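Encoded as structure tokens, the structure appears first; notes follow it.
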Amino acid sequence: YQVIFFRDQEMTPEQHRDFGKRFGDLHIHEYVKGLDAVPEVMPVIKTEADTFNFGGTWHSDVTYHTTPPLGSILYALEAPEVGGDTMFANQYLAYETLSDGMKELLEGRKAVHSAEPIYGKTGAFSSRYKQGASMATKPVEVVLESQHPIFRTHPETGRKSLYVNGNFVVNLAGLSAIESAPILQRLYQHATTPEFCCRFRWRKGSVAFWDNGCVQHYAVNDYTGQRRVMHRVTVMGDQPY
Ligand code: SIN
């Protein structure tokens, strides 16, 4: 499913950062505060009092960048006794199982990815944070936006994957949001077909490392009243082609 898991790890934030650095430059989140001492490590926290969770929709990380991340490394410091799994959907399989007609229709076309729907001033993350979630936002100075191919080719494997996600894609290039919506809805529905998905049960010390170029993920929000504390390091990648 393009994600690997490790159990029973112990990492300081510095070790987590240094592990990530072996794979490339690290992302410092533009809109979410990292740890003061190690800004490359972004805490993902849901307390007993929070109802909102971070990443609770299907997405690939920060695709509004011109060079979106090749991978993310998520480490569980505190896991709920029940719930709080993360789901992963293999986007190679999503591409490969589209009809030839759909592949032909969208080949060579791009989608517009924007930070606005999640991290803009009225975006889902920013407005929920105001309602009292525990993660700290940064002031929004610039809303990043990029265009990427709907089907991208993995720089290492040469395989094609479907590369649109419901968090950040605002429209298909050259089409209005309303014109894009039916096509995007169909692609999102297809992208998360159960047969393309796996689901990971976290324990304290678990690590997941996923390939953002060919997998989407979804943090399941079914543990309200329990605490979940994760640290994420995100490794930047190349411009998708
Ligand atoms: C994320 O989207 O990076 C968070 C995933 C999770 O907390 O399971």
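Keep in mind the model is a prediction, meaning the values are calculated, not measured. We count ligands from 1, going down the list as the structure has it; atoms in each ligand are counted the same way.
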(message) One thing to verify: whether Glu107 and Lys160 come together as a salt bridge, which I'm taking to mean a side-chain N less than 4.0 angstrom from a carboxylate O.
(response) yes
Starting from the N and O atoms of ligand 1, collect every protein N/O partner closer than 3.5 Å and put each pair on its own line with the distance to 0.1 Å.
| from | atom 1 | to | atom 2 | distance (Å) |
| --- | --- | --- | --- | --- |
| ligand 1 | 2 (O) | His59 | NE2 | 3.0 |
| ligand 1 | 2 (O) | His217 | NE2 | 3.0 |
| ligand 1 | 3 (O) | Arg232 | NH1 | 2.8 |
| ligand 1 | 7 (O) | Arg228 | NH1 | 2.8 |
| ligand 1 | 7 (O) | Arg228 | NH2 | 3.4 |
| ligand 1 | 8 (O) | Thr86 | OG1 | 2.5 |
| ligand 1 | 8 (O) | Arg228 | NH2 | 2.7 |

(request) Any chance you could lay out the ring-ring contact (aromatic ring centres under 6.0 Å, His included) test for Tyr188 and Trp58, step after step, and finish with the verdict? (result) CA-CA 8 Å; Tyr188 298 153; Trp58 283 108; over 10 Å; no
(request) Would you confirm whether Asn165, through its side chain, and Asn167, through its main-chain N or O, come within 3.5 Å as a donor-acceptor pair? (result) yes
(request) Please answer whether the main-chain N or O of Leu172 pairs with a side-chain N or O of Ser180 as donor and acceptor at a distance below 3.5 Å. (result) yes
(message) With ring-ring contact (aromatic ring centres under 6.0 Å, His included) as the test, pick out the partner of Phe151 among Tyr95, Tyr241, Tyr163.
(response) Tyr95
(request) Indicate whether any N or O donor in one side chain lies under 3.5 Å from an N or O acceptor in the other, for Asp61 and Thr234. (result) no
